[in-house]
Amino acid sequence: MSNTRHNWTKEEILDIYNKPFMELLYEAATVHRKYHDPNTVQVSTLLSIKTGGCPEDCGYCPQAARYHTDVEGNDLMSVQQVKAQALRAKASGSSRVCMGAAWRNVKDGQEFDDVLEMVRTINKLDMEVCCTLGMLTENQAHRLAEAGLYAYNHNLDSSEEYYKEVISTRGFEDRLQTIDNVRKTNVTVCSGGIIGMGEKTEDRAGMLVALATLNPQPESVPINALVAVDGTPLEDQEPVSIWDMVRMVATTRIVMPETQVRLSAGRTQMSREGQAMCFFAGANSIFAGDKLLTTPNPDVNEDMEMFKMLGLNPQKPFIKKMQPNTVEAEDSKFQDLGEKPKWSRPEHKIERNEEAKEKVKTLR
């Protein structure tokens, strides 16, 4: 029987986060060893299947069409291109491929049909498939599940309070609704956030409350350190200290004991010693490959060298949950409904986002 709690309060989580460092580390490592093999880390490959041109105004994101960054937009990749990349990832030790498309939400039609075909293709390669495609309806979640999707990523990004300081084009509720839609299928949930966006420690705790009180808790929680990209509203943010990163990983491990905690964006700024401390504190998943959607990431050979040094083994696929079956398109019970859901658009004004948008006009 699982002992996982779902009634954490912000105060309790802050108390854990602020513990003396060695005590926090010891407690997190103890929880980690109880629920996971401490010498096994999952290696995932993130693939941007459609880059740039996103209509959202997320302050951290170089893919937003309204900011002037060096991201080159591209159309949706072909199924064959995706298959080739997945085979490459598998050969280099990845057990999961996560496909990201710079969309606000999934729209029924040819592009989504192509993504479903990509999911089928990768699942047949005996790899876990994860997608991050924006907001999702219940029917769309069922269609992804039928294709053989293993996980759906939809980050909460920050606490509900601080979310409004970063994004104005969609509401926090929409994030929770999408996760809820995924939960109506057998697809696992991957949801975490970003630290270093100017939030307070209380906001970090608030984000963990939102995740830890979900029942069931997400099977996977990425902890990202902001990579400040020139041209985005958050370009001047100071990098997150490794101590904050370790505290965040350790706290996440304690309040979500069975979850895979992912050491995600920001790893290039971390030393191997820093990363080792994160693994000790309960991180047991990384993204490999030279890019995380659009920001730099350590080279996969460097990672394998680090694994060797630390005595870590890459996790095999489908250890935590059985491989889903793939239903072919013609046998699918869930069809394209041509849905046009009304996701919210709060559209309040965020000063730094407006300034970054104005800067683009002067550059043009």
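Numbers here are sequence positions counted from 1.
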Count I, L, V, M, F, W, Y as connected when their side-chain heavy atoms are under 4.5 Å apart, and connections chain through other members. Are I122 and V327 then in the same cluster?
no

Assess whether a salt bridge exists between R5 and E12, defined as any Lys/Arg side-chain N lying under 4.0 Å from an Asp/Glu carboxylate O.
yes

How many angstroms lie between atom CD1 of I242 and atom OG of S271, to the nearest 0.5 angstrom?
6.0 Å

Is T45 close to R96 at the side-chain level, that is, under 4.5 Å between some pair of heavy atoms?
no

cation_pi(R247, W243) dist<6.0 Å, angle<=45:
no

Considering all heavy atoms of both residues, which atom of P314 and which atom of V43 are nearest to each other, and what is their separation?
CB-CG2, 4.1 Å

Specify the closest pair of heavy atoms between R120 and T326, including all atoms of both residues, with the distance to one decimal.
CG-CG2, 3.6 Å

So for atom NZ, which belongs to K19, do other residues, nucleotides or ligands contribute more than 12 heavy atoms lying within a distance under 6.0 Å?
yes

Shared-cluster residues of F318, by chain and number - hydrophobic side chains joined below 4.5 Å
Y150

List the steps and the verdict of side-chain contact (heavy atoms from CB on, under 4.5 Å) for L133 and Q140.
CA-CA 11 Å; L133 312 166; Q140 289 163 343; over 6 Å; no

With a 6.0 Å cut-off (strictly less than), is the heavy-atom count around CE of M322, excluding the residue itself, greater than 12?
no

Can you tell me how far apart CD1 (I254) and OG1 (T30) are? Round to the nearest 0.5 Å.
8.5 Å

State plainly whether one hydrophobic cluster holds both V221 and L14, where clusters connect Ile, Leu, Val, Met, Phe, Trp and Tyr through side-chain heavy atoms under 4.5 angstrom apart.
no

Do T137 and E339 have side-chain N/O donor and acceptor atoms under 3.5 Å apart?
yes

Hey, is the main chain of G148 close enough, under 3.5 Å, to the side chain of N325 for a donor-acceptor pair?
no

F280 meets the ring-ring contact (aromatic ring centres under 6.0 Å, His included) criterion, sequence neighbours left out, with none

Are F279 and H32 packed together at the side-chain level, in the sense that at least one heavy-atom pair is separated by less than 4.5 angstrom?
no

Rounded to the nearest 0.5 Å, the CE atom of M118 sits from the CD atom of Q80 at a distance of 10.5 Å

Paired with K320, the side-chain hydrogen bond (donor to acceptor under 3.5 Å, both in side chains) test is passed by just one of Q260, E128, E219, H36, namely H36

Any sub-3.5 Å donor-acceptor pair from H6's side-chain atoms to T213's backbone N or O?
no

Do E111 and L116 touch side chain to side chain, with heavy atoms closer than 4.5 Å?
no

Under 4.5 Å between any side-chain heavy atoms of I194 and N155, yes or no?
no

Note, L176 side chain near L156 side chain (heavy atom, < 4.5 Å):
yes

Would you say K90 has more than 12 foreign heavy atoms packed within less than 6.0 Å of its NZ?
yes

Tell me whether the count of non-hydrogen atoms from other residues, nucleotides or ligands lying under 6.0 Å of CZ in R272 goes above 12.
yes

Output, in order, the C-alpha distance, side-chain angles, deciding distance and verdict of side-chain hydrogen bond (donor to acceptor under 3.5 Å, both in side chains) for S332 and E146.
CA-CA 7 Å; S332 175; E146 270 194 333; 2.3 Å; yes

Does the side-chain contact (heavy atoms from CB on, under 4.5 Å) test come out yes or no for C130 and L149, once each step is laid out?
CA-CA 6 Å; C130 175; L149 191 70; 5.5 Å; no

For the pair Q85 (side chain) and V82 (backbone), establish whether a donor and an acceptor sit closer than 3.5 Å, ignoring hydrogens and angles.
no

Does any part of the side chain of F307, heavy atoms only, come nearer than 4.5 Å to the side chain of N39, both counted from C-beta?
no

Any side-chain to backbone donor/acceptor pair from E199 onto M197? Under 3.5 Å, distance only.
yes

Could you check whether atom NZ of K316 has more than 12 heavy atoms from other residues, nucleotides or ligands sitting under 6.0 Å from it?
no

For F287, is there any backbone N or O sitting under 3.5 Å from a side-chain donor or acceptor partner on S44?
no

With R204 as reference, evaluate D244, T251, T252 under the side-chain hydrogen bond (donor to acceptor under 3.5 Å, both in side chains) test and give the passing residue.
D244

The reported gap from CZ in R183 to CG in D180 (rounded to nearest 0.5 angstrom) is 9.5 Å

Heavy-atom closest pair, residues N224 and S264
OD1-CB, 2.9 Å

Strictly distance-based, threshold 3.5 Å: is any side-chain N or O of N139 a donor or acceptor partner for the main-chain N or O of Q335?
yes

May I ask you to test the S95-M127 pair for a side-chain heavy-atom distance under 4.5 Å?
no

Heavy atoms of A145 and N186 approach each other most closely as CB-OD1, 3.5 Å

M22-M277 co-clustered via ILVMFWY side chain contacts under 4.5 Å:
yes

Is it the case that one hydrophobic cluster holds both F112 and V79, taking links as side-chain heavy atoms less than 4.5 Å apart, direct or via other members?
yes

Does K200 NZ have over 12 foreign heavy atoms under 6.0 Å away?
no

Ignoring hydrogens, what is the shortest heavy-atom contact between L24 and I16? Give both atom names and the distance.
CD1-O, 3.4 Å

Does Q323 CD have over 12 foreign heavy atoms under 6.0 Å away?
yes

Start with the C-alpha distance between D37 and N284, add both sets of side-chain angles, then the distance that settles side-chain contact (heavy atoms from CB on, under 4.5 Å), and finish with yes or no.
CA-CA 9 Å; D37 173 355; N284 58 345; over 6 Å; no

So do R262 and Q42 actually touch side chain to side chain, heavy atoms under 4.5 Å?
yes

Work out which heavy atom in G282 is nearest to a heavy atom in V261; give both atom names and the distance.
O-CB, 3.7 Å

Indicate if Y152 and F334 have the same hydrophobic cluster label, given that clusters are the connected sets of ILVMFWY residues with side-chain heavy-atom separations under 4.5 angstrom.
no

Reported CD1-to-CE distance for the pair I49 and M77, which is rounded to 0.5 angstrom:
8.0 Å

Just verifying a value: how many Å separate L46 CG and C98 SG, rounded to the nearest 0.5 Å?
5.0 Å

Please answer whether the main-chain N or O of P324 pairs with a side-chain N or O of N123 as donor and acceptor at a distance below 3.5 Å.
yes

N105/L136 under side-chain contact (heavy atoms from CB on, under 4.5 Å): CA gap, chis, key distance, verdict:
CA-CA 6 Å; N105 57 283; L136 196 65; over 6 Å; no

